[in-house]
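The structure under discussion appears below in the form of structure tokens.
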Amino acid sequence: METVRIGEFGRHVGAEVRVQGWLHNKRSSGKLQFLIVRDGSGFAQAVMAKAAVPEAAWGAGERAGQESAIALTGKVKEDKRAPGGFEIDVTGLELCQEVHDYPITPKEHGPAFLLENRHLWLRSQRQHAILRVRHAVVKAVRDYLDDNGYTLVDTPIFTPAACEGTTTLFGVDYFDEGQAYLTQSGQLYNEATAAAHGKVYCFGPTFRAEKSKTRRHLTEFWMVEPEIAWAHLEDALKLAEGLVCHVVQYVLDKRREELKVLERDTARLEKVKAPFPWLHYDDAIKLIQSKGSQTAWGSDFGGTDETVIAEAYETPVIVHRFPAAIKAFYMEPDPENPVYSLSADILAPEGYGEIVGGGERMSSYDGLVQRLREHELPESAFQWYLDLRKYGSVPHAGFGMGIERVVTWLCGIEHLRETIAFPRMLYRIYP
RNA sequence: UCCUCAGUAGCUCAAGGGUAGAGCAUCCGGCUGUUAACCGGAGGGUUGUAGGUUCGAAUCCUACCUGAGGAGCCA
């Protein structure tokens with residue numbers, strides 16, 4: 001008899017198959033047992049009638065508690081009453097491991113308890129759906145960049161001292177070399193590989209030792225960072241816009257069921273179409289001040305400011321030309337007014353905040369040396385980076401997109417921590 | 001680092017100075033279409049820790065610990 005995954009039931013209607021999985025929940029009714037079984041590909045209700053199965057199978061069903069490992073055989077049939085549209089009429093049931101004290105019950109639980117049991121919480125229908133959306137986002141990102149001529153060149157996770165100021169870096173011992181740090185961005189290295197490959201991206205984990213304790217922060221998160229040689233701010237944002245649209249479309253296309261499980265209102269996602277509006281930093285400040293924000297010109301936006309800006313639009317919005325003073329040392333100044341930098345953020349709708357941040361990188365050797373000094377960064381550590389301006393320097397630009405923030409937005413959920421299998425946060429590193 | 005809130009059964013919560021309770025989970029029993037199934041029964045507690053006030057503290061006070069949300073900063 002063929003072993004079939006629940007997600008493939010549609011191709012096996014009428015056939016007797018074997019299903020291997022775990023008992024998600026159970027209801028019984030004297031001579032009938034309703035076993036909700038999950039096997040990783042989906043959830044299905046198995047109906048076992050006492051008269052239709054051997055006594056041992058019936059007893060196994062009665063004994064099996066939540067998350068018992070079970071293998072069952074039965075006939076697949078369509079049934080509108082069943083969630084998922086399919087049901088299986090059980091002919092045999094084997095209890096592979098009997099479980100009686102699974103901690104996560106069908107009732108509500110608090111976040112602390114669920115995070116403590118994250119290794120088990122992952123099995124829930126909601127968490128299963130979120131991580132499948134995440135996978136789709138990752139695939140869509142890779143496909144889009146690969147199909148547009150970008151080469152994946154991953155950048156190092158260990159970085160030498162003082163790459164961008166050390167306050168928000170995690171330090172590690174690196175043999176006789178002394179202190180090394182976990183990367184907080186692959187961008188500087190991307191600039192080197194972009195000069196080798198033209199269009200590149202890196203995609204990996206990023207570490208920030210900020211003591212941020214909000215629903216928008218993790219200490220370890222994943223970021224995709226494209227970098228383009230011979231490109232300006234507008235080129236990078238054009239790519240970001242196309243990337244965001246493709247990711248949204250792909251998830252709408254391939255993860256409809258999961259979004260339904262998450263009760264996501266997809267109407268808002270359907271409206272995400274290029275072109276995104278461009279809003280100058282000055283106009284963004286005027287906008288939020290007119291809505292009562294205390295944020296002054298020259299400051300970065302707060303969380304509520306971002307929400308106010310995003311609420312003015314249906315699609316994501318591009319805020320550009322932040323004051324150079326509040327951006328990183330490597331930002332190219334706006335040639336029309338060097339008070340501003342050629343930088344931009346993309347803010348997601350519905351208050352999900354910044355999902356993309358990027359800009360044009362400084363291409364002048366002298367300019368970069370000056371900025372390093374202004375930021376009191378050690379020039380010696382940046383010799384290789386300065387070399388890029390010495391040997392064939394060209395205009396180049398790129399951006400970083402935070403995967404967890406995008407997944408949070410697409411899933412329409414409250415907290416970033418649910419979008420990664422094992423979130424790392426300020427006060428949590430277990431499990 | 002700062003601000004706010006919360007720690008009572010395995011979990012979610014109630015009891016706000018006078019005998020510590022419910023739902024879920026667990027165990028036992030009932031029910032042939034259940035949808036967080038339902039019905040009946042049972043077991044389950046050093047009320048986060050330490051000190052204090054009081055005849056009496058889960059409840060009031062102090063300190064600490066742990067967690068959650070937010071601010072700053074960021075993706």
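Values below: all heavy atoms of this structure, side chains included; hydrogens, waters and symmetry mates excluded. Numbers restart at 1 for each chain; the letters A, B, ... are given by sequence-line order, proteins then strands.
Taking the 5.5 Å centre cut-off and the 30° plane limit, the aromatic side chain of A:Phe34 is not classed as stacked on B:G33.
Aromatic pair A:Tyr144/A:Tyr201: ring centres not closer than 6.0 Å. Aromatic pair A:Phe382/A:Phe329: centroids less than 6.0 angstrom apart.
Taking 4.0 Å as the cut-off between side-chain N and carboxylate O, A:Glu350 and A:Arg264 count as a salt-bridged pair. The pair A:Glu67-A:Arg38 meets the salt-bridge criterion, since a charged nitrogen lies less than 4.0 angstrom from a carboxylate oxygen.
Ring pair A:His119/A:Tyr430 is perpendicular by interplanar angle, where above 60° counts as perpendicular and below 30° as parallel.
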Would you sort out whether A:Phe9 and A:Ile88 count as a side chain to side chain contact (heavy atoms under 4.5 Å, CB included), showing the intermediate values? CA-CA 9 Å; A:Phe9 270 6; A:Ile88 182 162; 4.3 Å; yes

Let's go through A:Thr159 and A:Thr183 carefully: what are the C-alpha distance in whole Å and the side-chain angles of both, what is the deciding distance for side chain to side chain donor-acceptor pair (under 3.5 Å) to 0.1 Å, and is it a yes or a no? CA-CA 6 Å; A:Thr159 59; A:Thr183 181; 5.4 Å; no

Derivation and outcome, salt bridge (charged side-chain N to carboxylate O under 4.0 Å, His left out), residues A:Arg321 and A:Glu234: CA-CA 11 Å; A:Arg321 288 176 172 75; A:Glu234 290 71 19; 3.7 Å; yes

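Taking only side-chain atoms of A:Thr105, from C-beta outward, the nucleotide of B:G10, B:A75, B:U32 with the closest atom is B:G10. Taking the side chain of A:Glu210 as heavy atoms from C-beta on, and the options B:G33, B:C31, B:C73, the nearest nucleotide is B:C73.
Here the separation of B:U47 from B:G10, taken at their C1' atoms, is 16 Å to the nearest Å. Spacing of P atoms, B:A63 relative to B:C5, comes out at 14 Å, to the nearest Å. Here, B:A75 and B:U34 have their C1' atoms 45 Å apart, quoted to the whole Å. Comparing the same atom, P, in B:A50 and in B:G29 gives a spacing of 42 Å after rounding to whole Å. Taking the C1' atoms as reference points, B:G44 lies 11 Å from B:A25, given to the whole Å. Spacing between B:G7 and B:A15 at atom P, rounded to whole Å, works out to 10 Å. Nucleotides B:A9 and B:G48 have their C1' atoms positioned 15 Å apart, rounded to a whole Å. The C1' atoms of B:U19 and B:C11 are separated by 26 Å, rounded to the nearest whole Å.
No engagement by A:Ile403 is indicated, since no non-hydrogen atom pair under 4.0 Å with the nucleic acid exists. Contacts of A:Val356 with the nucleic acid, taken as non-hydrogen atoms under 4.0 Å apart, involve only primed sugar atoms and P, OP1 or OP2. Within 4.0 Å of A:Phe221, counting heavy atoms only, lies at least one base atom of the nucleic acid.
Taking atom CD1 on A:Ile104 and atom C1' on B:G10, their separation rounds to 12 Å, with Å as the unit. Distance A:Gln184 CD to B:C74 C1': 10 Å, rounded to the nearest Å. At whole-Å resolution of the value, CG in A:Leu114 and P in B:G10 are 17 Å apart. The interatomic distance linking A:Lys50 (NZ) with B:C31 (C1') rounds to 12 Å, in whole Å. Atom pair A:Glu62:CD and B:C31:P shows a separation of 11 Å (rounding to whole Å applied). Computed from coordinates, the A:Tyr102 OH to B:C24 C1' distance equals 15 Å when rounded to whole Å. The nearest whole Å value for the distance from the CD atom in A:Glu225 to the C1' atom in B:C74 is 13 Å. Rounding to whole angstrom units, NZ of residue A:Lys31 and P of B:C31 are separated by 5 Å.
The base of B:G33 has none of its N or O atoms less than 3.5 Å from a complementary donor or acceptor on the side chain of A:Gln33. In terms of polar N and O atoms assigned as donor or acceptor, the side chain of A:Arg405 comes within less than 3.5 Å of the base of B:C74 in a complementary pairing. At a cut-off of 3.5 angstrom, counting only N and O atoms as typed in the model, there is a donor on one side and an acceptor on the other between the side-chain of A:His217 and the base of B:C74.
Judged purely by atom type and a 3.5 angstrom limit, A:Glu241 uses its side chain to pair as donor or acceptor with the backbone of A:Phe276. Using a distance-only test at 3.5 Å, with no hydrogens or angles considered, a donor-acceptor pair links the side chain of A:Glu404 to the main chain of A:Trp222. Without hydrogens or angle criteria, A:Asp283 side chain to A:Leu279 main chain gives no donor-acceptor distance under 3.5 Å. Counting only distance, with no hydrogens or angles, the side chain of A:Thr219 and the backbone of A:Arg424 share a donor-acceptor pair below 3.5 Å.
The phosphate of B:G72 (OP1 or OP2) has no side-chain N or O of A:Arg216 nearer than 4.0 angstrom. The phosphate of B:A25 (OP1 or OP2) has no side-chain N or O of A:His100 nearer than 4.0 angstrom.
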Convert the base pairs of RNA chain B into dot-bracket notation, remembering that pairs crossing earlier ones are written with [ ] and that bases paired across to another strand are shown as |; include only Watson-Crick or G-U pairs under 3.5 Å. (((((((..((((....[..)))).(((((.......))))).....(((((..]....))))))))))))....

Set out, line by line, the N/O atom pairs under 3.5 Å between protein and nucleotides 67-69 of chain B.
residue: B:G67; atom: OP1; partner: A:Tyr427; partner atom: O; Å: 3.3
residue: B:G69; atom: OP1; partner: A:His415; partner atom: NE2; Å: 3.1
residue: B:G69; atom: OP1; partner: A:Arg417; partner atom: NH1; Å: 2.7
residue: B:G69; atom: OP1; partner: A:Arg417; partner atom: NH2; Å: 3.1
residue: B:G69; atom: O3'; partner: A:Arg215; partner atom: NH2; Å: 3.0

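Here B:G16 is in the syn range [glycosidic angle within 90° of 0].
Each of A:His197, A:Gln187, A:Lys199, A:Arg361 was compared with A:Glu227 under the side chain to side chain donor-acceptor pair (under 3.5 Å) criterion, and only A:Arg361 meets it. Of the options A:Val406, A:Leu259, A:Leu269, a side chain to side chain contact (heavy atoms under 4.5 Å, CB included) to A:Val251 is made by A:Leu259 and by none of the others.
The stretch residues 21-30 of chain A touches RNA chain B through A:Asn25, A:Arg27, A:Ser28, A:Ser29, A:Gly30, each having a heavy atom under 4.0 angstrom from the strand.
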